[in-house]
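Here, residue 1 is the first one in the sequence, and each next residue gets the next number. Please read all numbers here as calculations on a predicted model, not as lab measurements.
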Amino acid sequence: MNYNFQNNNGNFNQVPFQDSDSFDFRAFLYKILSYWHIVLIGIAVGFLSAFIINKFKTPIYQGKSLILLQEGEKTGPNMDMLLMSMGYYNPRLKFENEVLILQSSKLAEKTLKSLNFYYTVFEEGRIRKAELYGSKLPFYIEFDKHHTQQLTPFILKVIDKNSFKILRADSDEKVKVIQYDNDSVFSCSRNIEEETYNFEEWIVSDCYKFRIIKKITDISGREFLIQFNNIKSLANYYSKQIKVEPAAKSSSGISISLQGTVKEKIRDYINAYMKAYIDYGLELKRAASLSTLNFINDQLAGIEDSLVFTENILQNFRSSNLVIDLSSEATELFQRLSDLDKEIVQIKLKLDYFTYLEKQLQNKDPENEIARPAVSGINDPVILNLVQKLNDLINQKARLGNLKIDNPYLKEILQQIHSTQEAIKENVVNIKNLLNMDLASLQRRQKLLETQLSRVPKTEQDLLRIKRKFEINQTLFTFLLQKKAEIGITAASTQTDVQIVEDASVDNTPLSPKYAQNLLIGALLGGIIPIGYLFLITYFDSKIRNPQELEKITQVPLIGLIGHNKKEGNLTVLNYPKSVVSENFRGIRANLEFFKPTKEAPLQVILVTSSIPGEGKTYVSINLASVLAVGGKKTIVIGADLRKPKIFMDFGLTNEPGLSNFLTGSSEINEIIQSTFYDNLDIISAGPIPPNPSELIIREEFKKLLDELRKRYEFIVIDTPPILLVSDAFEIAKYSDLNIYVTRQGYTPKEVLFLIRERASTGSLSNVALVLNDISPENSGYGYGYGYGYGYGYGYGYGYGYGYGYGYGYGYGYGYGYIDEEDGEDLTPKKTKSRRRK
């Protein structure tokens, strides 16, 4: 705070004020320390709450595993680059597609069906309900998958070693049931019967069929909740719970994690889940081989019949005609025709495959993979790779499960399938044209040779025709059998592209609740909540709490602090001269010396005012005048609050005649001055309440009154109305030598002080001093109180002392107290802190 109390001429000056809206963290810290027990209780409550949460919350564990996606079958040289440039292939989708497959409900359903997750068993423990699974399950349930099972849970209460009772968990008669062999769910009109049953006894009705088989000999008295599960709904749940993430950047490793309440169940599910994923991939990889085998089997079915038929004809012909050998000419023609027949058969087989391929390509959303071109002897690398890529895309689509058509991944795969189909169609047209040209050329050569064959004997011609047909069927049959064997070997040797790097493992430390963290957070929150509450009430506190706040807002010096008055009545100085509050007023009396207008001019007229009623301005006026009178100074108090006269009541005097009588001319000065029962102290009461108080105050008669009183008294203390209500105080301030502005701790709003700051800074209200009234240490915001000191800090009271030495100031010092013999108040000497400013 930058201001000087006296200039070289003895005049009081103030430097321009500065706004200070910064939060007083020091005061806030002392407030926390003063409420340390509340903060400690909050910490204890928070710690206890966290402990209870840890006890009652079901632990959540996390299981993890790691798989590696290996490179699948390669396409031809640079084929991937070619397909990418044509827009038919996007390898970026591989990882994303695998993630979708791993998170599909279809894969989850396959996993659940491979495990015994058809039912769930819970047991109510002392603290919480727990799920029982695996080795901890004291029994297992055998049920008929072809029979309906009730989805509504029921309670199993064990009576003894041999029997148990079933209780309903739901009062509804109509329940949902499921039939596991076809996954159909529908309603049943009967809830489970509440009866007593024996272990291993079948419990049967239209809605359920199962029996309980014990694994532990005696489970008497225990109670369980049993729930049959809807596998499809459970699959949807697990597909959402499973987390699939890349194991490392730029790697093909996939980390799989799952959270749950039972460690053994988590481990079993993840292991079964990875196995189902691998088996599913192998099934789909074998699908192309199966399609090829089906194509071959269809071809073989017709050829085999023709081969048997022609073989029988050939044998019968040889037997009936006794023809064993052919002539050299016929043999040569037969050999040449056989070679042509083989070439023609190969071309027709290729054309048959392309006909089959065109038929398959008509399906815009293919479900099954296409037979491989190599089965018909096609070795064109473009066709081979395009069909392989189409099969891969069909495979990926099948592995995605039942995704909606608007799924972005499914849409992109379908787009690639359509693009690949179009590319195959374009290539098929060109290849078929070339094959038809070759076939026409071979057929022309075949006709020429058949013309030459007409020159051999008729019997040999017939034999050659039969033998040719047999040779064609036998060659084609042998070729297809060879291809079938090759495809069978390929299907049998199909390997997975997935490698399990780490089997499922479950951390022993639960993921939630985090015991130590919860206890720490609970303790912190328990402390933060009361501290936060203290912060809020401090931050939004609009009342004055300590001198620092007062000086920051007003930039006006304090002339003194007045403690809380515990005595009866307002005449504290006169009736309790040894009290701390009396010493406070003595401190103000001593400090008046530093507020003289000039060194030579006396300080006689003291105006006392405040912002609003209730701040204690009348109390300060009376006691300030009293302490001056006790000090031997002839003093008079003027009650200038014409609207609310009350000073006379504290002295047991009357209100008439008073100031208003003099200002209206109905009384003289001597008539309105009343002597009190105390030496050197007189008063002028306000008098009857006039209809125009403000107009009376500004009359010349008031100045004349003060001029006369200056001659008679050493000090004149004027009690004025609050300045926020009326302007009387500003009118009277023109005649005063010192204007004391009274504020009250915990009562005066901070906002009202801006008026006095503005008036003081602009000079419209000069020589202003502040008094902070009703000081209590617990309301100050600090851990110590306030008081006064003299000289080098010796004084009475609360320790924060104003004193004088080398000029008016406040600073660190020491204060000494004493015992008030009159009322027994403990003023034992104590070391106090104060700050001194020179």
For the residue pair [X] and [Y], establish whether any side-chain heavy-atom pair is separated by less than 4.5 Å.
X: K113; Y: I231; value: yes
X: K275; Y: D279; value: yes
X: L390; Y: L361; value: yes
X: I212; Y: Y197; value: no
X: I203; Y: I166; value: yes

Residues [X], [Y]: salt bridge by 4.0 Å N-O rule:
X: E109; Y: K232; result: yes
X: K136; Y: E264; result: no
X: E123; Y: K129; result: no

ask   = Does the side-chain contact (heavy atoms from CB on, under 4.5 Å) test come out yes or no for T196 and F164, once each step is laid out?
value = CA-CA 6 Å; T196 301; F164 59 88; over 6 Å; no
request  = May I have all residue pairs that pass ring pair (Phe, Tyr, Trp, His ring centres under 6.0 Å) and include part of residues 251-272, sequence neighbours excluded?
outcome  =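 Listed once each, the pairs are Y238-Y269, Y269-Y273.
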inquiry  = Counting only heavy atoms not in Y119 (residues, nucleotides, ligands), do more than 12 fall under 6.0 Å from its OH?
reply    =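 Result for OH/Y119: enclosed.
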task = Flag yes if more than 12 heavy atoms outside K174 fall under 6.0 Å of its NZ atom; otherwise flag no.
result =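 Incorrect, the count does not exceed 12.
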query = Sequence neighbours excluded, which residues qualify as side-chain contact (heavy atoms from CB on, under 4.5 Å) partners of Q62?
reply =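 With neighbours one apart ignored, the set is K64, S257, Q259, L511.
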Is the NZ or CZ atom of [X] positioned over [Y]'s six-membered ring, under 6.0 angstrom from the centre and within 45° of the axis?
X: K214; Y: F199; value: yes
X: K265; Y: F117; value: yes
X: K263; Y: Y61; value: yes

Any sub-3.5 Å donor-acceptor pair from [X]'s side-chain atoms to [Y]'s backbone N or O?
X: D183; Y: Q179; result: no
X: E194; Y: R168; result: yes
X: N198; Y: E201; result: no

Which residues share a ring-ring contact (aromatic ring centres under 6.0 Å, His included) with F210, sequence neighbours left out =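 In terms of ring-ring contact (aromatic ring centres under 6.0 Å, His included), with neighbours along the sequence ignored, F210 is linked to F154, F228.
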key: Partners meeting ring-ring contact (aromatic ring centres under 6.0 Å, His included) with Y208 (sequence neighbours left out)   =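 Checked Y208 against ring-ring contact (aromatic ring centres under 6.0 Å, His included); zero matches.
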Partner of Y133 by side chain to side chain donor-acceptor pair (under 3.5 Å), out of D268, T261, T120 =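 The residue from D268, T261, T120 that satisfies side chain to side chain donor-acceptor pair (under 3.5 Å) with Y133 turns out to be D268.
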query = Which disulfide (SG to SG under 2.5 Å) pairs, counting each pair once, include a residue from residues 195-229, with sequence neighbours left out?
reply =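 Output for this query lists C188-C207.
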key: Exercise: identify the closest heavy-atom pair between P138 and L132   =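 Closest pair (atom of P138, atom of L132, distance): CD-CD1, 3.9 Å.
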ask   = What's the verdict on side-chain contact (heavy atoms from CB on, under 4.5 Å) for V121 and L156, showing C-alpha distance, side-chain angles and the deciding distance?
value = CA-CA 10 Å; V121 179; L156 185 149; over 6 Å; no
query = Stepwise, does the side-chain contact (heavy atoms from CB on, under 4.5 Å) test hold for M274 with S65?
reply = CA-CA 9 Å; M274 292 191 296; S65 67; 3.2 Å; yes
inquiry  = Within the 3.5 Å criterion, strictly below it, is a donor on N182 or S184 matched to an acceptor on the partner's side chain?
reply    =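 Result is yes, a qualifying pair exists.
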request  = Could you name each residue pair satisfying side-chain hydrogen bond (donor to acceptor under 3.5 Å, both in side chains) that touches residues 139-163, not counting sequence neighbours?
outcome  =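 Qualifying pairs: Y118-K145, E142-R211, H146-D181, Q150-N191, D160-S163.
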